[in-house]
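Data block below; observations after.
Chain A is the first sequence line, chain B the second, and so forth, proteins listed ahead of strands; every chain is numbered from 1.
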Amino acid sequence: MKIFIFLLCLLSSVVHSQQTAQSLFGQHRTALYQIKIIELESGNKSSIGSGFQIDLEGNIVTNYHVVSEYVYNPDKFRIEYMANDGSEGQLQLVDVDVVNDLALVRKLQLADESAFPIASSLPEQGSDIYSLGNPHDLGMIVVPGTFNGLKKNSFYQRIHFTGSINPGMSGGPVVNDLGEVMGVNVATAGNQIGFLIPLSKVMGLLESQHAEPLSNKQLKPRLQQQIKANQQVLFDRLKMRDWPTSILGEALVPANITEFISCWGGSNTSDREALYLSVESRCQLDEQVYVHSGLRTGGLELEFEWLDGKSLGKHRFYNFFTQSITGAGPSNNASKDDVTNFECEEDKVTNRHGVTNKTVFCVRAYKEFDELYDVLFVGASIDHQSKGLLSHYTLAGVTKDSALAFSQKFMDAISWQ
Amino acid sequence: MAIVLELLSRKNIPLKHFKFEQDYVNVGRDFNNDLRLDDPYVCPSHMLVAMDPESGLLMVNDCKSANGIKVNNKFVTQAKLNPQDIIKVGRTRLRIIDTKAPLAEAIPLSELEENLSWLNRAPLAVALSLMCLGLMLALQFFSSVNEFNLLKALPTELGQLAAYCLWPLCFAVLAKVVKKESHLTNQVNLTLLMFLFVNLLLLSKNVVIFNIHPGAWFAWFELLLLAGLIVGFIWLTLFIGFHQTNRRRNIISFLMTATIVAPIYVLGFLNSGDFNPRPVYDPILLPPTYNVTGSIDTQEFLERTEKLFLSVDKLKTK
């Protein structure tokens, strides 16, 4: 009997969610659009995503990455929408939020408009929520899922959504059971787990709701300004607190420097044939900022490796140590149109704890974004005969001041036990 | 007046010369001849070379031979001969030599030749081979992080050593072909010495880089040094192998060096402005013992890095 009641409950909840999904689809499908980026030369679409209208003046919210091609080459693309009834029209770009992957576009011609209401707050954890979108160019669909709160320990706030967001649903709204928007689809982290941009970020973008559209010349400075401001917040938070240290071999190295940088460790102790011991710790920011298909920024990565040559002897060990620091590369993708080549400074540096490192500090500049740089640092201790500490970090999209402040803190944080 | 005849190979390379203190020379297969040729196509009494006592000119007369005489590739029965004319009898070639024509000055003996005589010792070659092999094995050992197996490493290193010896072997063969001494020992010793020297330079280069962290000029310095070494090496190889004038030797050395260095220059220097997503730096690490120049403090280092930001800003416009 109990089982029967349980099954009944389960069935009724499924029926309930199906009904809500159906009613949501019927209610709002006129305010849901497919956003297409059309290449002017060929006249064909080069990418698609979803978008939803938020007022009667024709403002539509979508993902930044859906329109990124247009932002980078406004002369070579145009943005179009396709409504649920198949009608099409052109859109103009009003504003972007590159850090939170949001963009605001506006319809040029208004007709019979409808819009999604915006929720006033996030629902309780465990509530049913619905992701709407247009995956694979197949037409609009509704994916029911569960609201699991904001992603923990994340610098970039995201809603944790259990349900599958497919490519092409990007930019679609996520609504509560009243049909109010409380997030925007953005990324999928594998089966049945998705991340959504939360309400507060959407509200930030809506401040430009009545603004004049950005001119083509203003687009890249706007990206630069947003990335720079975001990095300022990130590095101020890193700078403010003392970094806790943890033991790695014979060294003390910074670890878990903030709650939003996750760390992983590993060692080769299971390899019985290895003539050396390697213990490593790797920390990184979970997300990067997508700028366009060839450029990501905003990443931060720290890595330490303790190497003990045991019976290798000093020359053999240092040969191996040299190989370990050979060929370090940045953690973010960037093409030659985005960044310059790296330039490096090298020397032997003794920090305030008396640790001497062979230090390599490399910088490259962003061609389109003034005052922003990628930094790569490699350090290798030269205090011991056949053991040493390798320290490494990469920073993407930082200002000179942040980079230097971070470097000083990093270099002076290492000490021997 | 003497008559001088030179026996030539089929490619007109001098094999032997004969000098006769008389006015006529009988040539044939018969043992009674002044010049006896062991050639089955030559008649027992084939021809007579005689000097006209009044004019002093040389004449050649066919003694009714079966195969005739060719002077400068033309059949003749009787002809006047000039210096440098080539007479063909049967399958044998003879050249008339003018004893009055002046010869080129002697090439002055070089002191270097004497100074290099120590190179020509077989025991040295053995010792150098062992040293090279030892060095190669040591380098192999120091660059490995796995259990080092000498028996496994030995064949590859021996093979490599043999490959290095191809160079001196080629020059020895070449010298032999042009009828000079092969000087194989000299050439092998020179190559092995060069190998040791270059490796020593490479090792000391690491120490230099580790200590002074040189900038872009160092790559140029390396290229120039490499070019200098190659010129010197090829020059010495030619010096040992062949007798030629210094001018000729210099030209050959520079041309060969240019063909070796040019591709290195093109590959390493011409595309240095291309986009590279990875930074280029010297990763050399050495034990603390090799740290001669000491270190600087964090503050000083970071002050120096500030100029990097300016210099990458300048790259933007390019």
Problem set entry | Heavy-atom closest pair, residues A:Asn341 and B:Asn276 | OD1-N, 2.7 Å

Exercise. Non-hydrogen atoms of chain A under 4.5 Å away: do they reach the side chain of B:Asn206, the backbone, both or neither?
Worked result: neither

Exercise. Does atom CG of A:Asp242 have more than 12 heavy-atom neighbours, drawn from other residues, nucleotides or ligands, at distances under 6.0 Å?
Worked result: no

Problem set entry | Nearest-0.5 Å distance, CZ of residue B:Phe309 to NZ of residue A:Lys400 | 7.0 Å

Exercise. Checking A:Arg316 side chain against B:Phe141 main chain: does a donor-acceptor pair fall under 3.5 Å?
Worked result: yes

Problem set entry | Heavy-atom closest contact (A:Ala328 atom, B:Arg278 atom, distance) | C-NH1, 3.4 Å

For this session: Identify which part of B:Asn146 has an atom lying under 4.5 Å from any heavy atom of chain A, answering side chain, backbone, both or neither.
Result: backbone

For this session: Against chain A, work out which of B:Val312, B:Asp313, B:Ile212, B:Thr289 has the most heavy-atom pairs shorter than 4.5 Å and name it.
Result: B:Val312

For this session: Tell me, out of A:Tyr276, A:Phe320, A:Phe361, who's got the most heavy-atom pairs with chain B below 4.5 Å.
Result: A:Phe361

Seminar exercise, completed: Comparing A:Thr359, A:Leu376, A:Thr356, A:Asn351 against chain B, the one with the most heavy-atom pairs below 4.5 Å turns out to be A:Thr359

Exercise. Hey, are the side chains of B:Phe275 and A:Val339 touching, using non-hydrogen atoms and a 4.5 Å cut-off?
Worked result: yes

Seminar exercise, completed: Looking only at A:Ser311, A:Ser324, A:Gly388, A:Ser335, most heavy-atom pairs under 4.5 Å shared with chain B are made by A:Ser335

Problem set entry | Closest-packed option against chain B by number of heavy-atom pairs under 4.5 Å, given A:Lys314, A:Glu371, A:His384, A:Arg352 | A:Lys314

Seminar exercise, completed: Here the gap from A:Glu343 atom CD to B:Tyr281 atom OH, rounded to the nearest 0.5 Å, amounts to 15.5 Å

Seminar exercise, completed: For A:Lys358 and B:Pro283, the nearest pair of non-hydrogen atoms, with its separation, is NZ-C, 4.4 Å

For this session: For residues A:Gly329 and B:Pro279, report the shortest heavy-atom separation together with the two atoms involved.
Result: CA-CD, 4.3 Å

Problem set entry | Contact class of A:Thr326 relative to chain B, heavy atoms under 4.5 angstrom | both

Exercise. Do B:His213 and A:Glu345 come close enough that some side-chain heavy atom pair is under 4.5 Å?
Worked result: no

For this session: State the CZ-OG1 distance between A:Phe410 and B:Thr298, to the nearest 0.5 angstrom.
Result: 12.0 Å

Seminar exercise, completed: Checked A:Glu368, A:Glu273, A:Gln385 vs chain B; the most non-hydrogen pairs under 4.5 Å come from A:Gln385

Problem set entry | 4.5 Å side-chain heavy-atom contact, B:Leu308 and A:Tyr373 | no

Exercise. Side chain, backbone, both or neither: which part of B:Tyr290 has a heavy atom under 4.5 Å from chain A?
Worked result: side chain

For this session: Tell me, out of B:Phe142, B:Phe148, B:Phe210, who's got the most heavy-atom pairs with chain A below 4.5 Å.
Result: B:Phe142

For this session: Please report the C-alpha distance between B:Thr305 and A:Leu404 in whole Å, then the side-chain angles of each, then the deciding distance to 0.1 Å, and finally whether the side-chain contact (heavy atoms from CB on, under 4.5 Å) criterion is met.
Result: CA-CA 8 Å; B:Thr305 60; A:Leu404 290 177; 3.4 Å; yes

For this session: Count the heavy-atom pairs under 4.5 Å between each of A:Ser386, A:Ala403, A:Gly309, A:Gly327 and chain B, then report the option with the highest count.
Result: A:Gly327

Exercise. Is the closest side-chain heavy-atom distance between B:Glu147 and A:Leu275 below 4.5 Å?
Worked result: yes

Exercise. side-chain contact (heavy atoms from CB on, under 4.5 Å) between A:Asp347 and B:Glu300: does it pass, once the steps are laid out?
Worked result: CA-CA 10 Å; A:Asp347 214 321; B:Glu300 197 185 336; over 6 Å; no

For this session: Identify which of B:Asp282, B:Ile284, B:Val280 forms the greatest number of heavy-atom pairs closer than 4.5 Å to chain A.
Result: B:Asp282

Problem set entry | Exceeds 12 heavy-atom contacts within 6.0 angstrom, atom NZ of A:Lys336 | no

Problem set entry | Shortest non-hydrogen contact between A:Gln323 and B:Ser143, atoms and distance | NE2-O, 3.6 Å

Exercise. Side chain, backbone, both or neither: which part of A:Leu312 has a non-hydrogen atom closer than 4.5 Å to chain B?
Worked result: side chain

For this session: Under 4.5 Å heavy-atom distance to chain A, tell me which part of B:Leu286 shows up: side chain, backbone, both or neither.
Result: backbone

Exercise. Measuring heavy-atom distances to chain B, does A:Tyr366 have an atom under 4.5 Å in its side chain, in its backbone, in both, or in neither?
Worked result: backbone

Seminar exercise, completed: Residues B:Pro277 and A:Phe342: closest non-hydrogen pair is O-CE1, 3.4 Å

Problem set entry | pair A:Asp370-B:Lys316: side-chain heavy atoms closer than 4.5 Å | yes

Problem set entry | Close side-chain approach of A:Val349 and B:Ile296, heavy atoms under 4.5 Å | yes

